[in-house]
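Every chain is numbered from 1 and lettered A, B, ... according to where its sequence line falls, protein lines coming before strand lines.
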Amino acid sequence: MNSSSQTRKDFPILERNINNKPLVYLDNAASTQRPLSVINAVSNYEMNYHSNVHRGVHKLSELSTNAFESSRNKIKNYINAESEREIIFTRGATESINIVASSFGQSFKSGDEIMVSQMEHHSNIVPWQNICKKNNLKLIMIPISKDGEIILDEFAKLLNSNTKLVAITHVSNALGTINPIKKMIHQAHEKGAVVIIDGAQAMSHMKIDVTELDCDFYAMSGHKMFAPTGIGALYGKEKLLDGMPPYQFGGEMILSVNFKETIYNELPYKFEAGTPNISGVIGLGAAIDYLNNLNFDDIKKYELNLLNYLSEKLLQISGLKIIGKPKNRSGVISFMFDNIHAHDIGTIVDKEGVAIRTGHHCAQPIMDFYEVSATARASIAHYNTKNDIDVLIEALNKVKEIFS
Amino acid sequence: MNSSSQTRKDFPILERNINNKPLVYLDNAASTQRPLSVINAVSNYEMNYHSNVHRGVHKLSELSTNAFESSRNKIKNYINAESEREIIFTRGATESINIVASSFGQSFKSGDEIMVSQMEHHSNIVPWQNICKKNNLKLIMIPISKDGEIILDEFAKLLNSNTKLVAITHVSNALGTINPIKKMIHQAHEKGAVVIIDGAQAMSHMKIDVTELDCDFYAMSGHKMFAPTGIGALYGKEKLLDGMPPYQFGGEMILSVNFKETIYNELPYKFEAGTPNISGVIGLGAAIDYLNNLNFDDIKKYELNLLNYLSEKLLQISGLKIIGKPKNRSGVISFMFDNIHAHDIGTIVDKEGVAIRTGHHCAQPIMDFYEVSATARASIAHYNTKNDIDVLIEALNKVKEIFS
Amino acid sequence: MTDLTDLYKQVILDHNKNPRNFGRMKKADKVIEGFNPLCGDKITLYVCLKKNTLSKISFIGTGCAISIASSSLMTEKVLGMKIDESILFFNKIHKMLTSNDPINDDLGKLNSLAGVREYPTRIKCASLAWHALNQTLTSKDKVISTE
Amino acid sequence: MTDLTDLYKQVILDHNKNPRNFGRMKKADKVIEGFNPLCGDKITLYVCLKKNTLSKISFIGTGCAISIASSSLMTEKVLGMKIDESILFFNKIHKMLTSNDPINDDLGKLNSLAGVREYPTRIKCASLAWHALNQTLTSKDKVISTE
Ligand SMILES: Cc1ncc(COP(=O)(O)O)c(C=O)c1O
Ligand SMILES: Cc1ncc(COP(=O)(O)O)c(C=O)c1O
């Protein structure tokens with residue numbers, strides 16, 4: 001349970017002070033911190049073997065290409081995909097979803113339906129809105145309960161033979177709800193719909209197995225799983241990716257070009273135009289190594305314990321209200337505090353060294369659902385401790401003092 | 001002239017050995033190396049103030065947002081744009097061009113013409129090919145001379161009132177030709193066409209002034225100007241960017257979202273969906289700082305001198321032929337060597353520690369023009385020395401020996 | 001490092017709790033929306049103009065203490081002001097919030113907003129209402145309509 | 001670190017300079033294209049099959065010394081082989097090029113390609129022609145057409 005003192009040492013930033021107080025970083029859903037091993041993997045690349053990949057015969061290019069492709073292999077193994085061809089490097093979850101919307105979306109026809117839950121992040125709504133407007137499709141909202149859970153009966157009723165795609169988040173970044181995606185994927189498949197899972201919030205908290213889930217696409221953000229910013233991945237079933245037109249055009253994604261005709265490269269390169277984010281990919285590979293050394297059974301227990309402790313302590317503060325009450329929760333608790341605006345809460349706790357996020361969390365539809373304009377959100381990683389929570393609670397009491 | 005011994009110390013990788021020989025890095029057109037200041041700026045960010053940008057009120061978010069936006073300001077000043085709103089962060093030149101093709105390209109109508117030169121990199125051909133096919137536009141090729149220069153008379157003749165866009169590279173990555181873009185931009189504007197410049201190969205060799213050039217768009221790759229991979233920028237005139245639809249959809253690029261309607265954010269955020277490559281942007285800012293400390297008048301002279309030395313030495317090797325003979329050249333010399341395939345040359349010189357690129361350099365149309373399938377290419381940066389060239393020449397003599 | 005009470009001064013907390021001139025106005029000459037996408041603050045200003053003077057002003061909205069208090073303080077301050085005068089005043093407020101120069105004493109109660117300087121992420125909150133008002137009063141077509 | 005002469009053995013240089021079975025074939029049963037996009041190597045194989053035997057084979061193309069020599073050596077080797085036999089032989093070559101196991105001696109001249117092991121970026125050059133041939137011979141519809 002206090003294994004985390006060793007864990008914390010892996011993350012150099014956790015040792016810093018903010019406003020002369022030790023940093024208490026509870027903004028992990030916005031972005032996790034990186035272990036030293038990831039930071040070092042990137043600088044080691046820059047110092048010792050940086051070169052463009054794939055097209056060079058010289059040693060540096062060989063080294064960087066090997067490291068690059070071995071990261072792809074690591075991800076493939078980590079999420080249990082069938083082949084490296086199913087792993088596309090992207091800038092993050094947003095780009096992963098945009099690729100599917102823009103490329104796979106071209107196969108949709110007027111009258112087809114796309115289903116999106118009410119608890120999605122903007123990046124899993126707006127790309128679908130756009131393709132719906134363009135191709136005259138229907139965007140159907142999957143409703144949620146007051147507890148912040150998808151209403152499965154409603155979902156089942158909404159599914160029909162026009163449903164072409166279902167887009168759901170694995171874990172909600174605003175509520176922490178873990179959605180029953182395996183079941184939903186199965187139901188959607190029965191109606192012939194394809195399912196894309198937004199995994200941005202899941203990867204740092206649990207082990208993913210895309211084969212077991214049987215999802216068609218799975219979107220990942222590196223910076224939310226201990227890797228650098230600017231890198232992410234899209235998993236897609238090979239037979240789907242194979243049939244999709246390319247997304248961006250340029251070097252790497254072509255086999256041959258002349259002014260009359262261009263022949264595209266095979267998977268996964270078809271979707272990776274231009275020089276990739278090599279250092280980001282290498283950082284992501286190092287983050288997978290880091291994840292591979294974690295025991296997620298223990299971590300799940302540890303984090304759940306922390307979340308329960310947090311929720312208990314929060315509810316002891318009078319006037320404080322937690323948003324959503326999902327049975328399965330991971331990582332995140334959002335709350336409101338009397339009439340005090342989240343923004344003011346954020347500033348005051350920051351003075352105590354506590355980093356939480358305040359605002360709409362890029363999930364305005366869910367804010368509308370709860371009829372709030374902003375919440376405060378504390379989000380944890382496995383390196384957080386009970387002490388972090390105690391400091392937050394104390395800081396919240398200061399908020400109360402000031403606004404009393 | 002040997003100021004470069006200090007310069008070389010800034011680049012840690014230049015001290016390494018390859019195959020027990022000191023690295024001679026002559027593959028700068030594929031990707032430049034990074035100075036320590038850039039590497040440190042990135043790790044400093046990761047160790048001390050990483051956080052997601054823009055949406056946080058806490059200290060870390062304030063620090064990362066400030067660093068992020070100050071990089072934008074640095075680029076704006078460096079290329080002399082009018083406003084930060086004109087600087088969009090992208091993955092690299094390829095994505096920059098794709099944004100323009102896909103977003104600005106939506107305004108083109110059947111029969112409109114897009115002009116692309118014969119010496120473009122694939123990333124400045126294939127996006128245009130794609131939009132031409134989609135919207136039934138004509139793709140017109142601007143021919144080049146045997147010397148490897150755009151034939152300006154032909155260009156002027158091809159321009160007409162249907163020409164909607166001209167896409168040209170500032171510097172050719174296959175030949176090193178510096179194109180007379182200022183003049184071409186002026187001529188294109190007279191016909192009402194918009195001009196996008198592919199600046200990938202220019203930024204590390206010369207100072208760019210987009211206001212003086214009066215180009216409409218300018219595409220940049222960080223990793224070719226001493227910054228990390230995975231980051232680049234698109235400059236666009238504000239009034240053009242303002243009228244363009246967004247490219248990707250998600251967080252950051254929206255003002256408000258509900259299931260009926262989404263309102264997009266203002267420039268530049270409209271084009272920056274999702275969590276950006278924050279560490280890349282900070283690295284790019286540090287690279288701009290580095291560039292700002294260079295004296296490009298001196299560097300131009302220094303590099304030209306090196307190129308002349310290289311070309312002189314190459315031509316002393318019997319059977320060796322340089323491809324192209326542009327009057328204004330920067331950075332790059334491509335060559336053929338008897339019947340020896342470039343690939344074999346690359347492997348053999350690598351044994352001597354020399355990194356050059358071999359192949360089609362993602363510019364197959366120019367290979368077709370010269371009726372070759374691959375060339376060997378040596379490309380320099382300001383940290384290269386005459387000694388580097390001497391080592392290359394000696395290695396080429398080994399090639400000759402083996403194949404004699 | 002300043003203390004939090006520099007930001008959350010008594011005046012601010014008071015105006016947040018009991019915002020002045022709060023409410024919709026039926027027959028306003030101008031209805032101006034101000035929106036801060038980063039935190040979701042949203043205010044609507046109602047203004048009546050008479051002879052180049054801000055003869056009536058009110059606002060509604062949701063937002064943090066800083067933005068509500070700043071809106072409230074603003075309405076109090078500019079009510080009855082000439083348009084020119086209020087634009088000049090906006091410039092002073094703007095300078096107070098964003099520059100590092102010593103602060104003039106002539107801003108009255110509005111000096112209480114000075115603490116925001118130390119909280120860069122909050123400057124937008126404090127200036128939201130001011131920007132909205134100023135933009136309307138200085139934009140070209142508006143100048144015409146008020147002459 | 002091996003010496004370059006391990007890669008550029010005399011046999012390789014010879015077959016590069018004077019490739020055997022080089023030339024277009026007019027009435028081939030199969031015309032197979034092999035392409036290595038990374039370096040631009042491109043070869044075309046022509047094959048005649050008679051009673052499950054590779055009765056005629058030739059190739060044209062451009063490429064590096066390794067890919068040309070390997071193509072030439074391959075045509076020399078597989079000419080007259082049974083299809084099954086040539087597939088088995090492909091597997092041996094593949095193993096020689098990509099594994100780290102000690103090399104069997106029974107590959108004759110083709111052992112000269114073993115030096116490629118030490119040059120990972122060149123393995124594709126050495127195996128280009130082999131892959132092209134093997135893919136045709138093992139792909140389902142082709143198996144049908146040769147039965
Ligand atoms: C649930 C969810 N989906 C998608 C995203 C978008 O991820 P990114 O910004 O890394 O593209 C986020 C993060 O903000 C998220 O929390
Ligand atoms: C002239 C030119 N344009 C565009 C590009 C593409 O740049 P990137 O791969 O960084 O997107 C390159 C680099 O390969 C280039 O040399």
Under 4.5 Å from any heavy atom of chain A - which part of Gln129(B)
side chain

Would you say the side chain of His360(B) lies within less than 4.5 Å of the side chain of Val257(A), judging by non-hydrogen atoms?
no

Taking side chain to side chain donor-acceptor pair (under 3.5 Å) as the criterion, tell me which of Asp27(B), Thr347(B), Thr358(B), Asp350(B) meets it with His58(A).
Asp27(B)

Heavy-atom distance under 4.5 Å to chain A: side chain of Arg34(B), backbone, both or neither?
side chain

Under 4.5 Å heavy-atom distance to chain A, tell me which part of Phe11(B) shows up: side chain, backbone, both or neither.
neither

Select, from Cys362(B), Pro127(B), Ser279(B), the one with the greatest count of heavy-atom pairs under 4.5 Å involving chain A.
Pro127(B)

NZ/Lys21(A): more than 12 non-hydrogen atoms of other groups inside 6.0 Å
yes

Of the backbone (N, CA, C, O) and the side chain (C-beta and beyond), which part of Ile278(B) lies under 4.5 Å from a heavy atom of chain A, both, or neither?
both

Choice from Leu36(B), Thr275(B), Val354(B) maximising heavy atom contacts with chain A below 4.5 Å
Thr275(B)

Should Ile39(A) and Met47(B) count as side-chain neighbours, where that means a heavy-atom distance under 4.5 Å?
yes

Using the ring-ring contact (aromatic ring centres under 6.0 Å, His included) criterion, which residues pair with His50(A)? Sequence neighbours excluded.
Tyr45(A)

Could you check whether any side-chain heavy atom of His122(B) comes within less than 4.5 Å of a side-chain heavy atom of Phe249(A), counting everything from C-beta outward?
no

Chain A heavy atoms under 4.5 Å from Leu23(B): which part of the residue, side chain, backbone, both or neither?
side chain

Student check: side-chain heavy atoms of Pro228(A) and Glu46(B) closer than 4.5 Å:
yes

side-chain contact (heavy atoms from CB on, under 4.5 Å) between Val57(B) and His343(A): does it pass, once the steps are laid out?
CA-CA 7 Å; Val57(B) 290; His343(A) 224 162; 2.7 Å; yes

Determine the option with the most heavy-atom pairs under 4.5 angstrom with chain A, choosing from Asp368(B), Asn48(B), Thr32(B), Ile18(B).
Asn48(B)

With chain A as the partner, which of Ser221(B), Ser51(B), Gly56(B) has the greatest number of non-hydrogen pairs under 4.5 Å?
Gly56(B)

For Ser96(B), is it the side chain, the backbone, both or neither that has a heavy atom under 4.5 Å from a heavy atom of chain A?
neither

Which atoms of Asn98(B) are under 4.5 Å from chain A, going by heavy atoms: the side chain, the backbone, both sets, or neither?
side chain

